[in-house]
J.: 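First the structure, which I've put down as structure tokens, then a few questions once you've had a look.
Sequence positions, counted from 1, serve as the residue numbers for this chain. Treat the numbers as computed from the prediction; the structure is a model and nothing was measured.
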Amino acid sequence: MKSFAMSLRSILYRRKQYLSLMLVCFFGVGISLFCLFLMDGMLDALKYKARIYYGGDLQFIGENAGLYITNPEATIESIKPVFPENTIISKRYDLDAEYASFYFEGTGVRQRVIKGVDFASEKELFSTWKFVEGNADITQKDNSILISEPIAQMLEIHAGDSLTFLYQMGNGIINTHELVVKGIFRDTSLFGMYTSYMDIDLLESIVGYPVGWCNRIVIYFQDGSPSQKEIKQYQSSLEEIYRMFPLVDDKKDFYNQLYSIEMPTYALIKLSANLQDVQILIDAMKLIAAFIIVMLIIIIVAGVSSTFRVIVMKRINEIGIYKAIGMKRHKIARILLTETSLLVCIGCIAGFVLSLILTAISGFINLSFIPAFDIFLTNGVLKPQISILYFIIVSVIVIVTTTAAVLFAIRKSVRISPCEALAVTE
């Protein structure tokens, strides 16, 4: 306790000398934490949009090479006991909209994917959406559609207006159908911009597919995404009911085997396996964040250790006095180490406050104008995820590394004899 009091008094007395040391730690820790919070927020936004696009956390697909499940209601009932009681399991039909367009008052817009949805089953998922106009209250065979805000702006259309859905079927016949815009949702990302949603039975009747079929069963966990361990358990349970393809990290691994495996075979596709197309981008983000954090920690350690070494050398006379009055070397070393730890702890806490300030500021900067960047945004802005765990980890790393870095200078200074120390002139 006495060592702590002496260290604190020394810091207050030499506050101008220690200011630069603390500022290095302040900015380094603050920016490091902000990068970690920012990365988590961006990945969380990506995952949120992906869960909406893919209908949840898992997809159950298969039965034949065309991926058509002919009796989805029976299939859903058979797999329900595998998952927790409040899990939402629903059928979907994803239509490749290469030959589909929307027209309104002479303006046409191509689509990428049109998703047929059982809105009654997926009501909980659609309740989390952000709508600019309208809502997702679509009943079975309701002649309605949900479109994205950018598509609505291109067509200059509003909720309640009718548009023409044009689709060219496989036999070359062009079919058109009038649809009412039920809702306009806010999403300019690659997941949502050119994706629209309508009732699954209506979609199948428009494009001439057998009504009641689907090409995927989506599984949404209301209590949060399952862990890898839980997914493996679900896979094992499903293998007792169906012939299952092994879990894959990329859904293409299953698609590439469709015509070479025995049918019927099913596959449980996890959300990350659907995101392999953007995995390179995710890995690049993590690599850049890791590089920035490592460089900042190196700067902190180098800055603190070099500054503290200079300060210790200037205090060699003081160390000589301590030794002359009988103070032991380990006690002097403890005082100096306590000073370092206090300074670094104060810098880490101040850095955490800085990261919170940067987090708050980032919420006011609308970045939706950046093409394709909306995949990482929440309502058009970055929304970093604050984590106390990150603060603890970064603080421990900084404290341990800086303490180890200054230890050599402290050990060298306390070994000097009182006569040598007192003879030194600054």
J.: Which residue pairs satisfy the ring-ring contact (aromatic ring centres under 6.0 Å, His included) criterion with at least one member in residues 27-46, sequence neighbours excluded?
T.: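 Found none.
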J.: So do T176 and Y103 actually touch side chain to side chain, heavy atoms under 4.5 Å?
T.: no
J.: Where do S90 and D118 come nearest, in terms of heavy atoms and distance?
T.: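 Looking at all heavy atoms of both residues, the closest pair is OG-CB, 3.5 Å.
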J.: Measure the spacing between CG of D250 and OH of Y255 and express it to the nearest 0.5 Å.
T.: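 The CG atom of D250 sits 10.0 Å away from the OH atom of Y255.
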J.: How long is the straight-line distance from CD1 of I365 back to CG of L377, given to the nearest 0.5 Å?
T.: 11.5 Å
J.: How would you list all residue pairs meeting ring-ring contact (aromatic ring centres under 6.0 Å, His included) that involve residues 128-150, not counting sequence neighbours?
T.: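 Listed once each, the pairs are F126-W129, W129-F131, W129-F185, W129-Y197.
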J.: Tell me which donor-acceptor pairs under 3.5 Å the side chains of residues 356-364 have, and how far apart each pair is, sequence neighbours excluded?
T.:
unit_1, atom_1, unit_2, atom_2, d
T359, OG1, S355, O, 2.7
S362, OG, T359, O, 2.6

J.: Applying side-chain hydrogen bond (donor to acceptor under 3.5 Å, both in side chains) as the test, list every pair that has at least one member in residues 39-48; sequence neighbours left out.
T.: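 side-chain hydrogen bond (donor to acceptor under 3.5 Å, both in side chains) check on residues 39-48 returns D40-Y390, K47-S225.
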J.: For the atom pair OG1 (T139) and CG (L202), what is the distance rounded to the nearest 0.5 Å?
T.: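 Going from the OG1 atom of T139 to the CG atom of L202 covers 10.0 Å.
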J.: So among I346, V398, V301, which one has a side-chain contact (heavy atoms from CB on, under 4.5 Å) with C25?
T.: V398
J.: Considering non-hydrogen atoms only, spot the tightest contact between G56 and L271 and give its length.
T.: O-CD1, 3.7 Å
J.: In a check of side-chain contact (heavy atoms from CB on, under 4.5 Å) between W213 and each of T70, I69, I200, N71, which one passes?
T.: T70
J.: Which residues pass the ring-ring contact (aromatic ring centres under 6.0 Å, His included) test with F26, sequence neighbours left out?
T.: none
J.: Answer yes or no: is there a side-chain heavy-atom contact under 4.5 Å between S144 and D199?
T.: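 The answer is no; the side chains never approach within 4.5 Å.
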J.: Residues in side-chain hydrogen bond (donor to acceptor under 3.5 Å, both in side chains) with S395, at least two apart?
T.: none
J.: Ignoring hydrogens, what is the shortest heavy-atom contact between A100 and I114? Give both atom names and the distance.
T.: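 Closest approach of A100 to I114: CB-CD1, 4.1 Å.
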J.: Show, in sequence, the C-alpha distance, side-chain angles and deciding distance for F376 and L367, and conclude whether the side chain to side chain contact (heavy atoms under 4.5 Å, CB included) test is met.
T.: CA-CA 10 Å; F376 298 117; L367 300 174; over 6 Å; no
J.: Would you say that Y54 contacts Y220 through its side chain, given a criterion of any heavy-atom pair below 4.5 Å between the two side chains?
T.: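 SC-SC contact between Y54 and Y220 ruled out.
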J.: Quick one, F352 and V394 - any side-chain contact, counting heavy atoms below 4.5 Å?
T.: no
J.: Taking all non-hydrogen atoms of both residues, which atom of Y93 and which atom of E204 are closest, and how far apart?
T.: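 For Y93 and E204, the tightest heavy-atom pair comes out as CD1-OE2, 3.4 Å.
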J.: Please round to the nearest 0.5 Å and tell me the distance separating atom CZ of R110 and atom CD1 of I151.
T.: 11.5 Å
J.: Is the backbone of I88 close enough, under 3.5 Å, to the side chain of Q222 for a donor and an acceptor to pair up by distance?
T.: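 It does not hold such a pair.
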J.: Under the salt bridge (Lys or Arg N to Asp or Glu O under 4.0 Å) rule, what pairs show up with a residue in residues 258-275, not counting sequence neighbours?
T.: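 Applying salt bridge (Lys or Arg N to Asp or Glu O under 4.0 Å) to every pair that reaches into residues 258-275, excluding sequence neighbours, yields R243-E262, D249-K270.
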J.: According to ring-ring contact (aromatic ring centres under 6.0 Å, His included), who are the partners of Y234, at least two apart in sequence or on a separate chain?
T.: F83, F221
J.: Between Y167 and L95, is any pair of side-chain heavy atoms under 4.5 Å apart?
T.: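 Answer yes - side chains close enough.
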J.: Under a plain distance cut-off of 3.5 Å, with no hydrogens placed, do Q257 and S260 share a side-chain donor-acceptor pair?
T.: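 Distance-only check passes for S260 and Q257.
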J.: I need the minimum non-hydrogen distance between S196 and F102, along with the two atoms involved.
T.: OG-CE1, 3.2 Å
J.: Scan I217, I89, I76, V218 and name whichever one has a side-chain contact (heavy atoms from CB on, under 4.5 Å) with F60.
T.: I217
J.: What verdict does the ring-ring contact (aromatic ring centres under 6.0 Å, His included) test give for Y266 and F245, after you've listed the backbone C-alpha separation in whole Å, the side-chain angles of each residue and the deciding distance to 0.1 Å?
T.: CA-CA 6 Å; Y266 297 87; F245 195 82; over 10 Å; no
J.: Taking C-beta and beyond as the side chain, do I147 and I157 meet within less than 4.5 Å on heavy atoms?
T.: yes
J.: Using 0.5 Å steps for rounding, measure from the CG atom of L354 to the CG atom of L33.
T.: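 Going from the CG atom of L354 to the CG atom of L33 covers 9.0 Å.
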J.: Is a side-chain N or O of T128 found less than 3.5 angstrom from the main chain of L125, in a donor-acceptor match?
T.: yes
J.: Does anything in residues 375-385 pair up under salt bridge (Lys or Arg N to Asp or Glu O under 4.0 Å), and if so which pairs, sequence neighbours excluded?
T.: none
J.: Carefully, step by step, assess F104 and V181 under the rule side chain to side chain contact (heavy atoms under 4.5 Å, CB included).
T.: CA-CA 11 Å; F104 180 71; V181 178; over 6 Å; no
J.: Go through the structure and list residues passing salt bridge (Lys or Arg N to Asp or Glu O under 4.0 Å) with D94, not counting sequence neighbours.
T.: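 Result, salt bridge (Lys or Arg N to Asp or Glu O under 4.0 Å) vs D94: K115, R216.
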J.: Under 4.5 Å between any side-chain heavy atoms of T401 and I300, yes or no?
T.: no
J.: Do side-chain atoms of N175 reach the backbone of I206 as a donor and acceptor pair under 3.5 angstrom?
T.: yes
J.: Would S78 and Y242 count as having a side-chain donor-acceptor pair, cut-off 3.5 Å?
T.: yes
J.: Checking side-chain hydrogen bond (donor to acceptor under 3.5 Å, both in side chains) against N143, which of K182, H177, E178 comes through?
T.: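 Single pass found, and it is H177.
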J.: Have T195 and Q111 got a donor and an acceptor in their side chains that come within less than 3.5 Å?
T.: no
J.: For residues 51-77, which residue pairs pass the salt bridge (Lys or Arg N to Asp or Glu O under 4.0 Å) check, not counting sequence neighbours?
T.: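 Checked against salt bridge (Lys or Arg N to Asp or Glu O under 4.0 Å) - neighbours excluded - the pairs reaching residues 51-77 are R51-D57, E73-K91, E77-K80.
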J.: Mind running side chain to side chain contact (heavy atoms under 4.5 Å, CB included) on M154 and T107 for me, showing each step along the way?
T.: CA-CA 8 Å; M154 293 178 193; T107 302; 5.6 Å; no
J.: Apply the side-chain contact (heavy atoms from CB on, under 4.5 Å) test between L58 and each candidate in I231, T87, I269; give the one that qualifies.
T.: I231
J.: So which heavy atom on Y259 is nearest to which on A65, and how close?
T.: CE2-CB, 3.5 Å
J.: Nearest 0.5 Å, what's the CD-NZ distance between Q59 and K251?
T.: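 Atom-to-atom, Q59:CD and K251:NZ are 7.0 Å apart.
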J.: Residues in side chain to side chain contact (heavy atoms under 4.5 Å, CB included) with K286, at least two apart?
T.: M39, L43, I282
